[in-house]
K.L.:
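Please find one structure pasted underneath; my questions will follow.
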Amino acid sequence: MTSTDKRLYLIDAYAMIFRGYFAFIKNPRISTKGLNTSAIFGFTNSLIELIKRDRPTHLAVVFDVGRTNVRHDDYADYKANRLETPEPILLAKPYINDILEAMHIPILGLEGYEADDVIGTIACKAEKQGYNVFMVTPDKDFAQLVTDKIKMYKPSSKGGDIEILGVEEVKAKYEIEDPKQIIDYLGMMGDAVDNIPGLEGVGEKTAKKFIQEFGSMENLLANTHQLKGKLKEKVEASAERGLLSKKLATILCDAPIEFIEEQYDLEVPDFEKVKEIFDELEFRRLYENLYRAFSNKEYVEELQDSDNHQPTTNNQNPVHKNGTMDLFASFEQLEQATTTKSTIAENDHIYQFIDNPKAQKILVSNLLKQKAVCFDTETTSLNELEAELIGMSFSYKKGLAYYIPISENREEAQETVEIFRPFFEDQNVLKIAHNLKYDYKVLQNYNIDVEGKIFDTMIAHYLLNPDGRHGMDYLSEMYLDYKPVSIETLIGKKGKNQLTLREVDIPTQTNYAAEDADVTFQLYELFAPQLAKENAEKLFYDVEMPLMKVLAKIELTGVKLDSNWLAKESIDLENDLKLLESKIFELSGEEFNMNSPKQLGEILFDKMQLDPKAKKTKTGQFATSEDVLQKLSSKHEIISSILEYRMLQKLKSTYVDALPGQIDKKDNRVHTTFAQTVAATGRLASVNPNLQNIPIRTLRGQQIRGAFVADEGKKIISADYSQIELRLIAEISGEQNMIKAFQNGEDIHASTAAKLFGIDLSEVSKTQRSQAKTVNFGIIYGQGAFALAEQTGLSRTEAKKMIDSYYETYPRLKEYMAEQVKKAQDLGFVETILGRRRHLKDINSSNFVVKAHAERNAVNAPIQGSAADIIKLAMIKIENELETQKLETKMLLQVHDELLFEAPIDEVETATTLIKKEMESAFETKVPLLVEVGVGDNWLEAH
DNA sequence: GCGAGGTA
DNA sequence: TACCTCGC
């Protein structure tokens, strides 16, 4: 082996363990013994991936040991901001030690020095001996050590690929001339995590500017006369702190530790020992991955050559050569192949591409014989409206998948798609996909309808664990212990240099696309029985799956926007903002950036001293949120101007200026996307753009709804459930006082106020009604006395009293809440009227805050979730009716308790009646569900 | 309370 | 990343 072949990898252990742990924070891996194995799994998986991908010749894992630290002598607060280490990470250490030992990987650490310094020292020493060194860490501090032979190896961020930073990459990324300047850069801007203070008033942008202008901390401090104003004062005042910061940011290269290369040879692991540990931790597929990482013959020979150790095991079977075997083995042969393999190394997978129409037809006839088939589409864009097919993959058996490349030529593409039409439109085969709505919409562009029974693994997992994450790669790692190829490995990072999948060769496309179908099929096999166990099949097949198609149609339809009005309003807002801004500058006696809460806080509280007891946020900044400012409005006239500025700025940036950019050129409409799996309560969310938060509260804001217009010859119909959540609380809890109020058609907030204050309905004042309304909402959103006090301006005791008398008014409500908490404690979950479950694992937590949070969810989730269930049912029924009655009316939006439609003028009456009827009867209740309908030329008029 | 998204 | 604000 020549010296240039020596590749040393130094792994920053704790950084990698933390990453692994937090990667799974939303649904942690818990073994049957109750051990949280997220950290161990995350670390070990990354390690194995690294070995598989890069085939290191030398490797070591570096830990921090002990407490003392050379940096503490300089600065007592160093790293004081680091949170206490979570328990699962502390528990992980011994397991990781055992695994590393079994893998024959050396563990380094030096008492009194940080892992950073050990890595730095070894890296420098190894470099001198001709090694190519890779520092495996996500921590940007290490960029300072990068040279021609020392590189940073940043592990993959979620879904992404690993990133290797050499000298050029570091220079480009941080806009510096020399990696060493990272030290000056960090010293200037500081680092909140490591509690490096940095220079006062210097953030990322200023630090970059300084580096370009002055090159180093010392040179900057020697030339502060070139700076101006506030910045000059601040930098000069904190010069000493800056120099100290630079020292703290420096990684040592001369820690007292030697680099003895023999100790770092990577050896073949003791597979048996590793397996024992993995078995205990219930890492199913990880062992296969490890085996595969070492199952390449050349690699093992290389490792064996490089040292004199005998491998502990030597049955290296080459991995199965997947993909492009000659056309055309019979399907039976291929299937045979996946069942007869026995050893793990052999039992890989068969991914086959099929580009000949004849073979494709055979595949289709084969697909039609199956009970369940998974499919996936590969496209040119994530935007379904412009996406063109690059290929499709199919799988109906673990380890076996087919890939169909599709021509760039639209006509040829359509021909290929037509071959598969019988499959997509078949009524019997269950069609499985991950995030099926996407594929559904793409296929709609090819005039294909996905019919028959469907199964979306993303939505299935959402029903099983609504609080978790549902990405395919994530689920694969979580449930299959298998990390699929990341798309970025194939086509590069996001950005202008990213290729499309079409630009990589067909075998590579096949490996990627077929794997997705394979993985999704395996997830289906896992989730389908789980849905039955969780009693979620009806909700899944009768609500969420049909709803998916309804949402797809809504998204494809889009909403028409009046872009002329928006353009005009943008100019008006701009003018109004300018006027307000100059008024504010005048009142404060200084010009500053109004959009920076930090600067605003300093002006109001440091300079103007508007509140000597000003509240701070958790990062030590002054809080300047609306409620805080509201309370100060009597102190100074500047406040009302600031509040108005904030409002107009929000309207302009978020709506008036942003919406026109989202208009689709082809049909002049905006097409939102409804996320069906993000809100844990069962609600939908709207993204790109979010059309569920269009203003309504203020007059000026409302005008924006006027820009959502009906097409010529049509009208907008808005239909919303009146007080659906409160009606459901009354219904579910059986609270008679509330039920009666609704049955009598009373104004529920006024009615609540009357009872709350013991007065007649006619005597209720505006303030009293508004307070009652706040309490009602507090109940809906699961808030406590604290939040209520915040919102009403009442004192904590008053708020508490208010809540107490609320419960006296509605006694069943309190009982109901207690029952829900009890249910969560007994069963581990609560559920909605349609059986949508929310698991509350923290309901018995010993941490008061965490437990209280779970308790609020126990009460709140069934209410919000049931309302979500009901409107989902209504949407499905309405869409069915519109279709069977062959009406032209289109559903445009769902805003939690409101539906928006666009109807031809001659259909308005029919549609209005139909919509109201279906919504009010979507689910049978004792408390009447009331729907208010409005019609107009735009959303403002209709609402 | 939960979402999305804008800005520094 | 933190903060703020829009909706329900």
Side-chain angles (χ1 to χ4, degrees), chain A residues 81 189-193 201 203-206 466-467 592-601 615-630 642-643 645-659 661-662 672-698 700-702 704-705 720-726 773-774 776-784 786-788 790-791 838 852-865 867-868 871 893-899 939 943:
Chain A
N81 277 0
M189 68 179 262
D191 184 337
V193 180
E204 188 185 324
K205 280 190 178 169
T206 320
D467 288 284
F592 60 98
N593 186 347
M594 267 298 296
N595 294 323
S596 162
K598 191 171 173 233
Q599 292 185 34
L600 177 65
K615 265 206 305 187
K616 296 266 181 84
T617 65
K618 62 181 171 208
T619 49
Q621 281 188 46
F622 289 111
T624 65
S625 58
E626 188 176 345
D627 54 316
V628 172
L629 295 186
Q630 206 67 257
I642 291 170
L643 286 170
Y645 180 94
R646 280 258 180 90
M647 177 184 80
L648 298 186
Q649 173 65 28
K650 172 82 179 178
L651 293 180
K652 184 168 187 293
S653 64
T654 310
Y655 306 104
V656 176
D657 286 351
L659 285 173
Q662 302 270 5
T672 184
T673 302
F674 283 100
Q676 209 175 340
T677 60
V678 295
T681 52
R683 277 185 174 182
L684 299 174
S686 157
V687 290
N688 290 319
N690 180 353
L691 298 185
Q692 290 182 321
N693 72 343
I694 305 300
I696 193 163
R697 250 180 37 222
T698 62
R700 186 89 186 242
Q702 272 180 24
I704 293 169
R705 294 197 167 211
D720 66 298
Y721 282 108
S722 154
Q723 311 295 352
I724 187 168
E725 270 122 345
L726 283 175
K773 188 175 170 182
T774 312
N776 276 331
F777 272 92
I779 299 293
I780 293 174
Y781 297 139
Q783 297 170 334
F786 183 75
L788 181 72
E790 278 292 304
Q791 282 190 12
R838 180 125 188 233
H853 185 241
E855 285 175 357
R856 283 199 295 276
N857 277 333
V859 174
N860 174 246
I863 305 300
Q864 258 194 47
I871 198 164
L893 289 178
Q894 188 253 45
V895 193
H896 307 306
D897 63 357
E898 174 185 9
L899 294 176
W939 195 359
H943 193 85

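Letters A, B, ... are given to chains in the order of the sequence lines, protein chains preceding strands, and every chain is numbered from 1.
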K.L.:
How many Å lie between CG on A:L691 and C1' on C:dG7, as a whole number?
P.N.:
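Taking atom C1' of C:dG7 as the reference, CG of A:L691 is at 11 Å.
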K.L.:
So, is A:R646 near the phosphate of C:dC4, with a side-chain N or O under 4.0 Å from OP1 or OP2?
P.N.:
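So the side chain of A:R646 is outside the cut-off, no N or O lying under 4.0 Å from OP1 or OP2 of C:dC4.
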K.L.:
Nearest heavy atom decides the nucleotide; on that basis, is A:Q599 or A:P466 closer to the 5' end of DNA chain B?
P.N.:
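Between the two, 5'-proximity favours A:P466.
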K.L.:
Look at all strands and tell whether A:T681 reaches a base, only sugar-phosphate, or nothing, counting heavy atoms closer than 4.0 Å.
P.N.:
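The residue A:T681 makes no contact with any strand.
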K.L.:
Under 4.0 Å between any heavy atoms, over every strand shown, what does A:A787 touch: base, sugar-phosphate, or nothing? Just pick one.
P.N.:
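No contact at all - A:A787 keeps every heavy atom at 4.0 Å or more from the nucleic acid.
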K.L.:
Starting at CD1 of A:I704 and ending at P of C:dC6, how long is that distance when rounded to a whole Å?
P.N.:
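Atom-to-atom, A:I704 to C:dC6, this comes out as 10 Å.
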K.L.:
Can you tell me how far CD of A:Q723 sits from CG of A:D897, rounded to the nearest 0.5 angstrom?
P.N.:
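Those atoms lie 9.0 Å apart.
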K.L.:
Between atom CG in A:D897 and atom P in C:dG7, what is the gap in whole Å?
P.N.:
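To the nearest whole Å, that distance equals 13 Å.
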K.L.:
Can a side chain N or O of A:S625 be found less than 4.0 Å away from OP1 or OP2 on C:dC3?
P.N.:
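No, outside the criterion.
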K.L.:
In whole Å, I'd like the distance from the NE2 atom of A:H943 to the P atom of C:dG7.
P.N.:
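That distance rounds to 11 Å.
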K.L.:
In whole angstroms, how far is the P atom of C:dA2 from the NZ atom of A:K616?
P.N.:
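After rounding, the reported distance stands at 17 Å.
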K.L.:
Once you apply a heavy-atom cut-off of 4.0 Å, does A:I696 come out as touching a base, just sugar-phosphate, or nothing?
P.N.:
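Touches sugar-phosphate only.
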K.L.:
Would you kindly give the CZ-to-C1' distance between A:R683 and B:dG1, to the nearest whole Å?
P.N.:
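To the nearest whole Å, that distance equals 9 Å.
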K.L.:
Just verifying a value: how many Å separate A:I704 CD1 and A:T654 OG1, rounded to the nearest 0.5 Å?
P.N.:
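Rounded to the nearest 0.5 Å, the CD1-OG1 separation comes to 9.0 Å.
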K.L.:
For A:F777, answer base if it contacts any base atom (sugar-phosphate contacts may also be present), sugar-phosphate if it contacts only those atoms, and nothing otherwise; contact means non-hydrogen atoms under 4.0 Å.
P.N.:
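Touches nothing.
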K.L.:
How is A:A680 classified with respect to the nucleic acid when contacts are heavy atoms under 4.0 Å: base, sugar-phosphate, or nothing?
P.N.:
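Result for A:A680 = sugar-phosphate.
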K.L.:
So does A:H853 get a side-chain nitrogen or oxygen closer than 4.0 Å to the phosphate oxygens (OP1/OP2) of B:dC2?
P.N.:
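Answer is yes, contact under 4.0 Å.
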K.L.:
For the NZ atom on A:K598, are there more than 12 heavy atoms of other groups (residues, nucleotides or ligands in this structure) within a distance under 6.0 Å?
P.N.:
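Counting neighbours around NZ of A:K598, 12 or fewer heavy atoms of other residues, nucleotides or ligands fall under 6.0 Å, so no.
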K.L.:
Let's see if you can work this out: which of B:dA8, C:dC3, B:dG5 has an atom nearest to the side-chain heavy atoms of A:Q621?
P.N.:
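The nucleotide sitting nearest to the side chain is C:dC3.
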K.L.:
I'd like to know if the side chain of A:Q702 pairs up with that of A:H943 as donor and acceptor (distance under 3.5 Å, no hydrogens or angles considered).
P.N.:
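Side chains of A:Q702 and A:H943: no pair found under 3.5 Å.
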K.L.:
Would you indicate what A:I694 reaches in the nucleic acid, counting non-hydrogen atoms under 4.0 angstrom: base, sugar-phosphate, or nothing?
P.N.:
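Sugar-phosphate, no base atom in range.
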K.L.:
When we call it a touch if two heavy atoms are under 4.0 Å apart, what does A:Q864 touch: a base, just sugar-phosphate, or nothing?
P.N.:
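Base, at least one base heavy atom under 4.0 Å.
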K.L.:
If you compare every side-chain N and O of A:N693 against the phosphate oxygens of B:dG5 (OP1, OP2), does one of them come in below 4.0 Å?
P.N.:
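So the side chain of A:N693 is outside the cut-off, no N or O lying under 4.0 Å from OP1 or OP2 of B:dG5.
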K.L.:
Using a 4.0 Å heavy-atom cut-off, does A:N857 contact any base of the nucleic acid, only the sugar-phosphate backbone, or nothing at all?
P.N.:
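Nothing: the residue A:N857, judged by heavy atoms under 4.0 Å, touches no strand.
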K.L.:
For the CG atom of A:L893 and the CZ atom of A:F674, what is their distance to the nearest 0.5 Å?
P.N.:
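The distance works out to 5.0 Å.
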K.L.:
For the side chain of A:M647, counting heavy atoms from C-beta on, which of B:dG1, C:dC6, B:dG6 is nearest?
P.N.:
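Within the option list, the nearest is C:dC6.
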K.L.:
If only side-chain N and O atoms of A:R697 are considered, is one of them under 4.0 Å from the OP1 or OP2 phosphate oxygen of C:dC6?
P.N.:
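Answer is yes, contact under 4.0 Å.
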K.L.:
Tell me the interatomic distance from A:L684, atom CG, to C:dG7, atom P, rounded to whole angstroms.
P.N.:
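Whole-Å distance recorded here is 19 Å.
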K.L.:
Rounded to the Å, how far apart are A:N690 CG and C:dT5 P?
P.N.:
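One finds 17 Å between P of C:dT5 and CG of A:N690, rounded.
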K.L.:
What's the closest nucleotide to the side chain of A:S596 if the choices are C:dC8, B:dA8, C:dC6?
P.N.:
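Of all the options, the side chain of A:S596 is nearest to B:dA8.
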K.L.:
Taking the cut-offs as 6.0 angstrom to the six-membered ring centre and 45 degrees off its axis, would you call A:K615 and A:F622 a cation-pi pair?
P.N.:
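Negative - A:K615 is either too far from the ring of A:F622 or too far off its axis.
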K.L.:
Between A:T624 and C:dC4, does any side-chain N or O lie under 4.0 Å from OP1 or OP2?
P.N.:
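So the side chain of A:T624 is within the cut-off, an N or O lying under 4.0 Å from OP1 or OP2 of C:dC4.
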K.L.:
Where do A:G682 and A:A868 come nearest, in terms of heavy atoms and distance?
P.N.:
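Closest pair (atom of A:G682, atom of A:A868, distance): O-CB, 3.5 Å.
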K.L.:
Please pick, from C:dC6, B:dT7, C:dC8, the nucleotide with the shortest atom-to-atom distance to any side-chain atom of A:P695.
P.N.:
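Among C:dC6, B:dT7, C:dC8, the one nearest the side chain of A:P695 is C:dC6.
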K.L.:
Check every strand shown and say whether A:N595 touches a base, only sugar-phosphate, or nothing at a heavy-atom separation below 4.0 Å.
P.N.:
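Sugar-phosphate contact only - A:N595 comes under 4.0 Å of backbone atoms but never of a base.
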